[in-house]
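Worksheet for the structure shown next.
Note that the coordinates shown come from a computational prediction; the quantities given were computed from them, not determined experimentally. Values below: every heavy atom of this structure, side chains too, minus hydrogens, waters and symmetry copies. First listed ligand is number 1; within each ligand, the first listed atom is number 1.
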Amino acid sequence: MMEEGRKGRYTSSERRLQALVQHLSPSGSSLAGVVQMEVTASGPVGSVFEHVEQAPEDPILGVTVAYNKDPSPIKVNLGVGAYRTEEGKPVILNVVRKAEERLLADRSRYKEYLPITGLADFNKLSAKLIFGKESPALLEKRVATAQCLSGTGSLRVGAEFLAKHYFQRLVFLPAPTWGNHHKIFSNGGLTVKTYRYYDPRTRGLDYQGMVEDIRAAPSGSLILLHACAHNPTGVDPTPEQWEGLRQLIRNKRHLPFFDSAYQGFASGSLDLDALAVRSFVADGGELLVAQSFAKNMGLYGERVGSLSIVCKKEAIATHVESQLKLVIRPMYSNPPIHGASIVATILGDSELYAEWTIELKAMANRIISMRHQLHSAIQARGTPGDWTHILKQIGMFSFTGLNREQVAFMTKEYHIYMTSDGRISMAGLSSKTVPHLADAIHAAVTGLSFSRQ
Ligand code: PLA
């Protein structure tokens with residue numbers, strides 16, 4: 001009764017604030033006093049978001065934010081892994097243009113909602129690309145595939161599905177790994193741990209450490225593996241090491257989750273880059289794969305990718321797919337249509353497919369040639385240290401070994417932007433910018449101010 005009486009004396013904005021205070025401090029010692037102090041005739045004083053702190057920029061995408069603010073004409077962005085031409089320009093593949101022209105000309109197409117799991121043709125073709133035409137899992141129809149929002153969205157949907165339906169909540173990530181993995185998996189409801197992966201002394205794989213950690217993980221753990229072109233290190237297991245890992249993971253009854261963000265970018269061959277995944281499918285065991293078409297088709301902003309879950313039987317895959325829909329529907333309802341239509345057009349047409357593989361190989365080759373040019377330029381300057389890892393590393397990135405201070409120096413003095421762990425995107429480099437980068441590396445390593453001309 002007394003509450004009712006008090007309520008009647010407050011204006012609606014006072015009541016809203018009262019509800020907020022109640023929400024923030026349910027025990028609300030002197031509620032009426034607080035409300036009176038905080039409210040004026042014109043409404044509440046200050047912002048209800050006053051306590052919200054400034055968040056740091058993303059460690060990778062924030063590099064581009066800083067780069068964009070720099071007015072220097074010599075600046076170079078080697079932060080995010082985005083392919084650039086020799087002229088330093090972003091590129092749209094010719095096959096993508098052709099596919100888009102076809103889509104535009106086809107008047108029978110609509111912009112209706114896609115089903116929750118996306119474009120059916122895209123899903124079939126995407127799964128075929130990673131598993132191979134003759135894949136037993138595909139022939140036996142025991143793969144559930146959902147089109148998701150690029151690689152990130154596919155990982156996130158996979159994480160949430162596992163948190164809901166898998167008995168083990170532990171996911172082991174390589175140390176180091178793509179920084180976003182940690183947040184994707186913990187936000188998806190899993191507990192994140194790491195396994196040893198990279199040895200800074202050898203600048204290679206710590207295979208022994210990796211095996212020990214995966215062996216020591218509780219049976220049934222989720223093991224996140226980069227299908228190829230490990231980010232950020234550029235270090236992949238050899239085929240023999242993959243075989244050892246496969247046996248270990250299967251013996252321990254762990255569940256592998258592959259992140260395939262660079263198929264075709266490592267070797268230039270789509271099939272070679274899928275070998276690790278295919279070897280795990282060939283043994284008949286279960287696994288998950290997140291695919292991205294951001295890099296290999298240059299469809300970064302189209303957000304096109306897929307999650308495939310390989311199951312033991314067709315009926316199980318059907319159930320799994322039905323549950324994926326329950327994860328996706330309240331998250332973003334259904335995926336966008338345009339990017340998936342481009343990919344389906346290219347993968348479904350033998351001529352376009354053949355042309356794509358040529359363009360993809362050209363991108364991979366340009367990256368490899370940047371490795372050689374950078375290595376030679378560093379050699380030519382007599383920079384101390386062994387730089388052969390620049391040649392040996394695979395994929396879009398080079399994990400240079402430069403430390404945080406050296407990176408900060410290169411950004412400040414040479415306007416070269418890269419992630420603070422010393423990773424550089426080789427795909428952002430060109431013949432014109434290689435000498436500038438080599439000068440900066442030389443200066444950072446020797447502590448000298450090398451000529452910038
Ligand atoms: N997985 C790995 C290993 C990646 O490196 C990236 C992208 C993704 C997934 C996700 O890509 P997508 O969602 O765009 O398909 N890594 C980039 C970009 C290229 C980024 O950080 O978002 C990178 O610079 O590391």
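Inter-residue side-chain proximity for F399 and H389 is flagged as unmet; no heavy-atom pair is nearer than 4.5 Å. Taking the side chain as every heavy atom from C-beta outward, F409 and L402 never approach each other to under 4.5 Å.
Looking only at protein heavy atoms, the nearest one to atom 25 (O) of ligand 1 is R423 NH1, 2.9 Å. Shortest contact from atom 13 (O) of ligand 1 to any protein heavy atom: T152 OG1, 2.5 Å. Among protein heavy atoms, the minimum distance from atom 20 (C) of ligand 1 is reached at W178 NE1, 3.6 Å. Looking only at protein heavy atoms, the nearest one to atom 18 (C) of ligand 1 is V80 CG2, 3.8 Å. Counting only heavy atoms of the protein, atom 3 (C) of ligand 1 lies nearest to D259 OD2, 3.3 Å. Looking at atom 12 (P) of ligand 1, its nearest protein heavy atom turns out to be S150 OG, 3.3 Å. Of all protein heavy atoms, the one lying nearest to atom 14 (O) of ligand 1 is R303 NH1, 2.9 Å. Atom 11 (O) of ligand 1 has as its closest protein heavy atom K295 NZ, 3.2 Å.
Between W178 and H181, the ring-plane angle classifies as perpendicular under the 30° and 60° cut-offs.
Remark: the S269 side chain and the D271 side chain contain no N/O donor-acceptor pair separated by less than 3.5 Å. For the 3.5 Å distance criterion, the side chains of S341 and R109 qualify, holding a donor opposite an acceptor.
For Y300 (side chain) and Y83 (main-chain N/O), a donor-acceptor pair under 3.5 Å exists by modelled atom type.
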Test I214 against K252 for side chain to side chain contact (heavy atoms under 4.5 Å, CB included), laying out the working first. CA-CA 8 Å; I214 292 176; K252 284 283 307 190; 5.6 Å; no

Give the C-alpha distance, both sets of side-chain angles, the deciding distance and a yes or no for salt bridge (Lys or Arg N to Asp or Glu O under 4.0 Å) between D386 and R203. CA-CA 10 Å; D386 177 5; R203 293 199 173 123; over 6 Å; no

Test ring pair (Phe, Tyr, Trp, His ring centres under 6.0 Å) on Y197 and H230; report intermediate values, then the result. CA-CA 10 Å; Y197 188 84; H230 181 274; 4.1 Å; yes

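Within ligand 1, the atoms closer than 4.0 Å to a non-hydrogen atom of G151 are 12 (P), 13 (O), 15 (O), numbered from 1 in the order shown. The distance from ligand 1 to the heavy atoms of S292 drops below 4.0 Å at these ligand atoms: 12 (P), 15 (O). Near A294, the atoms of ligand 1 lying under 4.0 angstrom from a non-hydrogen atom of the residue are 14 (O), 15 (O).
Inclusion of N231 in the set of residues having an N or O under 3.5 Å from an N or O of ligand 1 is warranted.
The closest heavy-atom contact to atom 24 (O) of ligand 1, among the options A227, A427, G81, comes from G81. Proximity annotation for atom 17 (C) of ligand 1: of Y83, Y262, Y300, F293, Y262 comes nearest, heavy atoms only.
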